[in-house]
2 protein chains.
Amino acid sequence: MRVNFSKEDFNVAIATSVVLYGFDGDDLKILIAEKAGEPFAGAHILPSSVVHINEDPEDVAIELMRRITGSADWPIEILNAFAEVYRNPEGRVVNVAYYGTLQLNETLSQDLLRSEYKWVKVNDIPPLAFDHNKIVDYSRERLKRRVKRRPIGFSLLPKEFTMNQIQRLYECALGRDLDKRNFRRKLLKSELLLETDHFVRSSAKARRPSALYKFDEKKYRSLTLRGYDFVYQ
Amino acid sequence: MRVNFSKEDFNVAIATSVVLYGFDGDDLKILIAEKAGEPFAGAHILPSSVVHINEDPEDVAIELMRRITGSADWPIEILNAFAEVYRNPEGRVVNVAYYGTLQLNETLSQDLLRSEYKWVKVNDIPPLAFDHNKIVDYSRERLKRRVKRRPIGFSLLPKEFTMNQIQRLYECALGRDLDKRNFRRKLLKSELLLETDHFVRSSAKARRPSALYKFDEKKYRSLTLRGYDFVYQ
DNA sequence: ACAAAAGTGTTACACTTACACCCATGT
DNA sequence: ACATGGGTGTAAGTGTAACACTTTTGT
């Protein structure tokens with residue numbers, strides 16, 4: 001074992017990138033930015049930040065989300081370290097990547113429109129600089145797994161949502177269509193949902209309004225931690 | 001976004017640690033070492049290595065396994081980066097951790113006995129230096145998931161093995177008892193096993209010999225990649 | 001014959017999947 | 001009245017879990 005560091009070993013930098021998912025009712029999207037400064041000026045990248053020598057990457061990732069969205073209160077989870085040798089031409093950089101989920105609402109959408117960030121559909125992601133496409137792919141696999149096994153999907157939905165919205169979200173995350181009746185039955189059986197007495201019309205052309213549901217926060221939290229096997233292979 | 005590195009940011013070192021699993025027929029074990037040199041001289045640690053500035057952590061981890069076991073040919077998978085600020089008193093060190101599985105046999109066991117490493121049962125792991133206990137816990141969760149969803153368990157077994165051995169291995173990995181009849185039925189249905197015409201007696205006291213099985217390597221590989229849902233919740 | 005571990009089947013229940021029509025409402 | 005999307009039930013098949021006794025063999 002080589003367990004003793006020499007001075008030359010301390011010549012690596014840490015960065016963090018965040019894959020931030022949002023769902024607008026129709027499509028699952030992630031946030032991307034344009035890079036300022038060389039290398040790769042103008043290229044598309046994930047929201048990213050240098051992690052200074054005395055900082056925790058998770059704290060920096062949370063702060064990054066706060067700067068982007070105005071709130072630090074979104075669920076976040078580490079993805080992995082991306083640490084190959086030649087991923088950054090400036091020097092050896094280890095990227096500790098995270099992914100997070102947020103609830104898109106009008107205000108946030110508007111604020112983001114005026115920012116340096118933009119939403120792109122997960123099925124329509126442009127080439128990104130560094131190995132950021134690899135990080136995105138990795139995060140999509142993770143999201144797929146999470147959606148299957150934990151009620152994580154709800155963190156992308158507004159407080160109250162229709163069955164069709166949540167089904168559409170699951171279809172986006174899993175990349176395939178689901179049967180409406182089976183989906184509803186399964187979700188209701190989980191007892192994670194509470195009915196509200198609210199309704200919305202899903203579009204101008206829609207006639208009959210949809211019932212709105214919210215989730216049972218207590219149940220939600222316990223199932224988020226221990227998994228609940230909402231199994232779709 | 002802070003995307004421009006300054007000179008001071010390049011002051012981090014990379015290390016890698018490997019959680020190396022072996023199964024001796026009765027117990028699932030991992031390899032630990034005693035640390036040479038300060039800090040923590042004499043403390044128990046995971047097999048670990050500095051990753052020099054021009055090296056890929058995975059290559060270093062594989063080389064570490066080769067130095068320990070004499071072979072670089074064991075399955076290995078990245079766990080995560082462990083990158084908190086104060087994990088190493090020598091300076092900022094990011095640990096890119098891996099776990100691997102190997103087939104314990106007599107020769108390898110004897111070689112390892114004469115080395116600086118020793119096997120400890122996964123239910124009996126001593127306090128380790130740095131945050132290595134955290135890495136071990138993380139790897140056990142990963143192994144549990146893998147065992148449930150992929151035929152990864154076989155990489156811990158000898159070429160030919162009995163049903164009782166593989167059941168015991170699954171019980172160790174999952175941390176609970178399994179029903180013998182259900183286990184066999186499930187495993188045979190997967191069509192992953194081939195009968196051999198060999199038998200062994202499992203102990204001196206055992207009378208009736210056990211049938212030995214091997215796995216269908218072609219099927220094994222395809223199922224390892226795409227998962228096969230050997231589901232035990 | 002006995003001790004020891006190997007090996008074997010059935011049943012009840014839960015879950016999954018496939019499938020098509022009526023309902024409520026606004027215009 | 002009609003157009004639109006919302007909402008509902010059943011049946012067949014598959015998988016899971018719980019359960020105890022017989023078989024084979026060496027001593």
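Just so we're on the same page: letters track the sequence lines, and every chain starts at 1.
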Round to a whole Å and report the spacing from [atom1] of [X] to [atom2] of [N].
X: B/Met163; N: C/dT8; atom1: CE; atom2: P; result: 9 Å
X: B/Asn182; N: C/dG7; atom1: CG; atom2: P; result: 16 Å
X: B/Arg207; N: C/dA1; atom1: CZ; atom2: C1'; result: 13 Å
X: B/Arg168; N: C/dA5; atom1: CZ; atom2: P; result: 14 Å
X: A/Arg176; N: C/dT16; atom1: CZ; atom2: P; result: 12 Å

Of B/Arg181 and B/Ala204, the one whose closest DNA chain D nucleotide lies more 5' = B/Arg181

Between [N] and [X], counting only base atoms on the nucleotide and side-chain atoms on the residue, is there a donor-acceptor pair under 3.5 Å?
X: A/Arg208; N: C/dA24; answer: no
X: B/Asn164; N: C/dA5; answer: no
X: B/Arg185; N: C/dG9; answer: yes
X: A/Lys180; N: D/dG7; answer: yes

Side chains of B/Tyr21 and B/Ser139: donor-acceptor distance under 3.5 Å anywhere?
-> yes

Would you say the side chains of B/Ser155 and B/Thr101 form a donor-acceptor pair under 3.5 Å?
-> yes

Indicate whether OP1 or OP2 belonging to C/dA5 is found under 4.0 Å from a side-chain N or O atom of B/Ser202.
-> no

Determine: side-chain N/O of A/Lys186 to OP1/OP2 of C/dT16, distance under 4.0 Å, yes or no.
-> yes

SB check A/Arg145 A/Glu141 (cutoff 4.0 Å) = no

Which nucleotide sits closest to the side chain of A/Ser210: C/dT25, D/dG7, C/dA5?
-> D/dG7

